[in-house]
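Here is the structure we will look at, set down as structure tokens.
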Amino acid sequence: MAKGTTTIDVGADGVAIITIINPPVNSLSFDVLYSLKESYDQALHRDDVKAIVVTGAKGKFSGGFDISAFGGVQTGKVDQPKPGYISVDVLTDTVEAARKPSVAAIDGLALGGGLEVAMACHARLSTPTAQLGLPELQLGIIPGFGGTQRLPRLVGISKALEMMLTSKPVKGTEAHDLGLVDSLVSPTELVTSARRWALDMVEGRRPWVASLYKTDKLDSFGEAREIFKFGRAQVRRQAPNLQHPLVCIDVVEAGIISGPRAGLWKEFESFQELVRSDTCKSLVHIFFAQRGTTKVPGVTDLGLKPRRVNKVAVLGGGLMGSGIATALVLSNYPVILKEINEKFLQAGLDRVKANLQSRVKKGKMTQENFEKTFSLLKGALDYESFRDVDMVIEAVIENVSLKQQIFADLEKYCPPHCILASNTSTIDLNLVGSKTRSHDRIIGAHFFSPAHIMPLLEIVRTNKTSPQVIVDLLDVGKKIRKTPVVVGNCTGFAVNRMFFPYTQAALLLVEHGTDLYLIDKAITKFGMPMGPFRLVDLVGFGVGVATAMQFIENFPERTYKSMVIPLMQEDKRAGETTRKGFYLYDDKRKARPDPEVKKYIEKARSISGITVDPKLAKLSEKDIVEMTFFPVVNEACRVFAEGIAVKAADLDISSVMGMGFPPYRGGIMFWADSLGSKYIYTRLEEWSRTFGGFFKPCAFLAERAAAGAPLSSPVEQAKSRM
Ligand SMILES: C[C@H](O)CC(=O)SCCNC(=O)CCNC(=O)[C@H](O)C(C)(C)COP(=O)(O)OP(=O)(O)OC[C@H]1O[C@@H](n2cnc3c(N)ncnc32)[C@H](O)[C@@H]1OP(=O)(O)O
């Protein structure tokens with residue numbers, strides 16, 4: 001069956017309307033592209049057609065090339081058209097070179113290949129709110145249908161590079177200012193205006209522009225060279241592990257130097273190479289994995305509709321509570337923030353205010369919008385105003401009896417439909433709700449700090465949480481622009497369980513002789529935003545130790561007990577807040593290594609009776625990465641095998657969004673599979689013989705390695721903990 005099509009409808013005015021139809025976003029599958037060519041051939045041959053308007057069905061121009069076809073292209077399972085067919089034969093030599101003018105009528109979105117089709121037209125009309133962009137780089141590729149050549153000629157090299165390198169779309173209004181769009185029109189007027197515009201072109205009343213040959217927006221060679229130099233330097237600094245942004249600049253440059261047709265061919269060749277790269281495979285995996293987190297078997301396939309959440313209460317105005325309240329008001333939820341006394345309440349309200357004001361300072365929010373948003377927040381010291389809330393998120397300190405009391409109170413004051421959520425990161429939710437009879441509406445809403453910025457939301461369900469409540473929270477998660485991952489109830493859930501061995505491995509290496517700053521360097525070179533020691537400093541030793549206690553209690557057989565941090569704490573080192581941790585910090589929070597740290601490491605070694613292992617003192621960067629991350633893979637396997645995560649891809653998203661694992665490596669499980677279960681198992685087994693249980697591969701990993709099977713293939717009959 002064809003995947004999408006185009007239709008052609010010729011009006012009495014002689015304008016052919018070609019409509020792209022491929023729900024949900026009118027992506028350009030090969031079927032759509034072949035159909036587009038057929039519709040064009042028809043329009044160009046018919047005598048009753050004077051001009052053409054291209055548009056997309058149901059208010060969306062096109063979301064670009066069909067990303068689900070990448071897999072087929074990569075494996076060679078899909079027959080690709082002949083080289084350059086789409087960008088040269090169809091878009092350049094058929095659409096742009098036609099003797100009949102084309103106008104793109106853009107509503108909703110024109111992204112990637114969608115915008116490239118529009119740019120091959122002779123004019124573009126857009127609604128003010130449509131999103132236009134070339135976000136291909138976020139998928140590890142470059143635009144492949146002429147975008148690298150036409151966009152610089154329409155908006156200038158600098159802006160074009162910015163749009164491509166950041167993958168950020170612009171709104172119709174900005175596109176108009178940039179010259180990417182010729183006129184702004186309301187959605188209801190769009191096609192009528194585009195018809196008129198096309199006929200005006202036929203009559204010579206409007207210019208008829210082939211973007212590929214436009215030169216008025218191009219800078220001089222000298223200026224262009226400077227822009228490319230600056231762009232390359234920026235890319236090398238910001239994304240040193242990535243090749244495709246540099247390829248993008250090379251391809252744009254080739255078009256400027258050798259002409260746009262040569263540029264089109266270079267674009268084609270580079271695209272073909274990049275689409276088969278590991279980076280592209282990983283990023284496409286992340287694209288679908290991110291969208292897959294909201295598809296939870298046995299929950300989202302029951303036909304349940306999310307209930308409306310009109311009002312939310314947040315308990316606790318500390319760092320987490322105020323961040324959560326900020327995220328909610330930013331998405332227009334009226335919020336009650338409850339605290340135990342005036343002083344704490346005021347501090348909580350002030351924190352939300354400061355979070356919002358920082359957006360105003362950064363130009364992300366107008367003063368007027370700030371006033372409106374902040375007015376959605378009300379403070380409370382008791383539960384009286386909780387009588388009509390639809391959801392409560394508790395974010396008080398991690399104290400079991402306190403939480404039990406709070407949930408018992410909530411049950412008394414909140415309406416019976418109200419969702420009772422806890423932001424706990426460690427405590428068993430069954431315990432939290434043990435003094436209530438409302439187990440079906442108790443759920444975890446685990447945010448990451450700062451909650452209004454970090455994109456991940458762990459939704460924790462117990463075996464009693466009702467699917468309806470999960471569906472409701474998934475919907476709120478979407479509305480507050482979080483990526484929700486539904487996980488089962490256990491100590492540390494998915495993210496913290498994976499995080500724990502990460503820092504533990506680093507401490508083990510250091511105590512056995514590896515240089516700590518070398519570890520941080522190797523890990524950041526691998527692509528993490530910071531190394532484990534810099535991270536522990538940032539989080540603070542207090543939090544680190546408290547989390548460690550939870551793990552020691554729950555998973556003693558695989559906890560590495562290091563004395564380094566407790567010894568440092570004795571000397572009032574607590575991380576960045578005390579300006580002294582594993583690094584020293586200046587006024588601007590810049591970190592520099594501290595030679596004194598050696599003394600704590602040596603003392604820890606002598607207490608634990610550890611001698612320096614000469615091999616570990618000279619570890620390669622590759623070994624550092626593997627010894628730090630294979631224990632993380634091991635824990636991720638346990639989380640998966642226990643049914644805490646439903647899909648391996650959910651752990652990929654959790655690692656990318658919760659831990660900062662580089663998305664271009666596809667997430668923890670995807671990366672592990674790229675190395676092979678057998679290899680990981682063998683290495684862990686070898687290390688566990690020398691360094692003990694911390695490295696011991698779990699049964700799931702052993703089974704997969706023995707079978708030569710990928711870690712991410714579904715778990716049969718998982719012992720579900722949900
Ligand atoms: C040769 C060319 O240069 C190469 C290209 O064009 S590469 C493609 C470039 N285009 C893109 O990168 C755009 C990717 N898409 C997006 O950013 C967003 O999906 C969007 C802004 C279009 C819509 O966002 P939103 O409304 O939040 O919906 P979202 O959940 O993301 O997508 C809706 C559905 O459309 C699918 N989808 C979106 N864009 C798609 C695409 N280009 N191809 C295939 N499927 C796509 C999603 O997978 C999702 O499917 P699901 O419902 O089964 O999970």
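No side-chain donor from either of His446 and Asn423 sits under 3.5 Å from a side-chain acceptor of the other. Checking Tyr333 against Asn310 by side-chain atom types alone, no donor-acceptor pair falls below 3.5 Å. Asn399 and Ser401 are linked by a side-chain donor-acceptor pair at a separation below 3.5 angstrom, with hydrogens and angles left out of the test. A donor-acceptor contact closer than 3.5 angstrom is absent between the side chains of Glu136 and Ser167. In this model, no donor atom of one side chain and acceptor atom of the other lie less than 3.5 Å apart for Ser282 and Thr279. Ser186 and Thr188 share a donor-acceptor pair across their side chains, judged by distance under 3.5 Å alone. For Gln367 and Glu371, the side-chain atoms include at least one donor-acceptor pair closer than 3.5 Å. Under 3.5 Å, the side chains of Thr462 and Asn489 contain no donor-acceptor pair of N or O atoms.
In this structure, the side chains of Ile443 and Ile419 come closer than 4.5 Å at one or more pairs of heavy atoms. When side chains are defined from C-beta on, Pro484 counts as touching Thr294, because their heavy atoms get closer than 4.5 Å. Between Ile453 and Phe448, the closest side-chain pair of non-hydrogen atoms is not below 4.5 Å. In this structure, the side chains of Val469 and Arg461 stay at 4.5 Å or more apart for every pair of heavy atoms. Side-chain contact between His452 and Val352 is absent, with no heavy atoms from C-beta onward closer than 4.5 Å. The closest side-chain heavy-atom distance from Leu109 to Phe61 is not below 4.5 Å. Between Met163 and Leu180, the closest side-chain pair of non-hydrogen atoms falls below 4.5 Å. Contact of the Leu165 side chain with the Val235 side chain is registered, since non-hydrogen atoms from C-beta on lie closer than 4.5 Å.
Taking a cutoff of 4.0 Å between a charged side-chain nitrogen and a carboxylate oxygen, Arg387 and Glu384 qualify as a salt bridge. One finds no salt bridge joining Lys478 and Asp475 here, because no Lys/Arg side-chain nitrogen approaches an Asp/Glu carboxylate oxygen to under 4.0 Å. Between Glu174 and Lys159 there is a salt bridge, with a side-chain nitrogen of the basic residue lying less than 4.0 Å from a carboxylate oxygen of the acidic one. Ion pairing between Lys168 and Glu162 fails under the 4.0 Å rule for side-chain N and carboxylate O. Using a cut-off of 4.0 Å between Lys/Arg side-chain N and Asp/Glu carboxylate O, Arg579 and Asp594 are scored as not salt-bridged. Between Lys580 and Glu596, none of the side-chain N atoms (NZ, or NE/NH1/NH2) sits under 4.0 Å from a carboxylate O, so this pair counts as no salt bridge. A salt bridge does not link Arg534 with Asp520: none of the charged nitrogens is closer than 4.0 Å to a carboxylate oxygen.
Among all heavy-atom pairs drawn from Lys403 and Val396, the shortest one is NZ-O, 3.3 Å. The two residues Met498 and Ser654 make their nearest non-hydrogen contact at CE-CB, 3.9 Å. When every heavy atom of Gly348 is checked against every heavy atom of Leu337, the shortest pair comes out as C-CD2, 3.7 Å.
Distance check, rounded to the nearest 0.5 Å: CE of Met528 to CZ of Arg665 gives 11.0 Å. Atom-to-atom distance recorded for Thr547:OG1 and Glu398:CD is 9.0 Å, nearest 0.5 angstrom. Taking CG of Leu356 as the start and NZ of Lys372 as the end, the distance is 12.5 Å to the nearest 0.5 Å. Taken from CZ in Phe386 to NZ in Lys412, the straight-line distance is 13.5 Å, to the nearest 0.5 Å. Note that the CG atom of Asn369 and the OG1 atom of Thr366 stand 4.5 Å from one another [nearest 0.5 Å]. In this structure, Thr326 OG1 and Leu377 CG are separated by 8.0 Å, a value rounded to the nearest 0.5 Å.
Taking the centre of each ring, Phe526 and Phe629 come in below the 6.0 Å mark. Two rings, from Phe493 and Phe499, have their centers 6.0 Å or more apart.
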(message) As a quick check of understanding, evaluate side chain to side chain donor-acceptor pair (under 3.5 Å) for Gln550 and Thr491, giving each step before the final call.
(response) CA-CA 7 Å; Gln550 290 287 333; Thr491 302; 4.9 Å; no
(request) Please lay out, stage by stage, how Glu411 and Arg441 fare under the test side chain to side chain contact (heavy atoms under 4.5 Å, CB included). (result) CA-CA 10 Å; Glu411 193 179 44; Arg441 52 191 175 116; 4.1 Å; yes
(request) For the pair Arg307 and Asp472, evaluate salt bridge (Lys or Arg N to Asp or Glu O under 4.0 Å) and give the outcome as yes or no after the intermediate values. (result) CA-CA 6 Å; Arg307 292 172 297 175; Asp472 295 342; 2.5 Å; yes
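Not counting sequence neighbours, the partners of Tyr413 by the ring-ring contact (aromatic ring centres under 6.0 Å, His included) test are Tyr383.
Relative ring orientation between Tyr583 and Tyr517 is described as perpendicular, the plane-to-plane angle rising above 60° on a 0-90° scale split at 30° and 60°.
With hydrogens and angles disregarded, a donor-acceptor distance shorter than 3.5 Å links the side chain of Asp586 to the backbone of Lys590. Put simply, the side chain of Ser331 gets close to the backbone of Lys479: a donor and an acceptor are under 3.5 Å apart. No donor-acceptor distance shorter than 3.5 angstrom exists from the side chain of Lys338 to the backbone of Ala380, with no hydrogens or angles considered.
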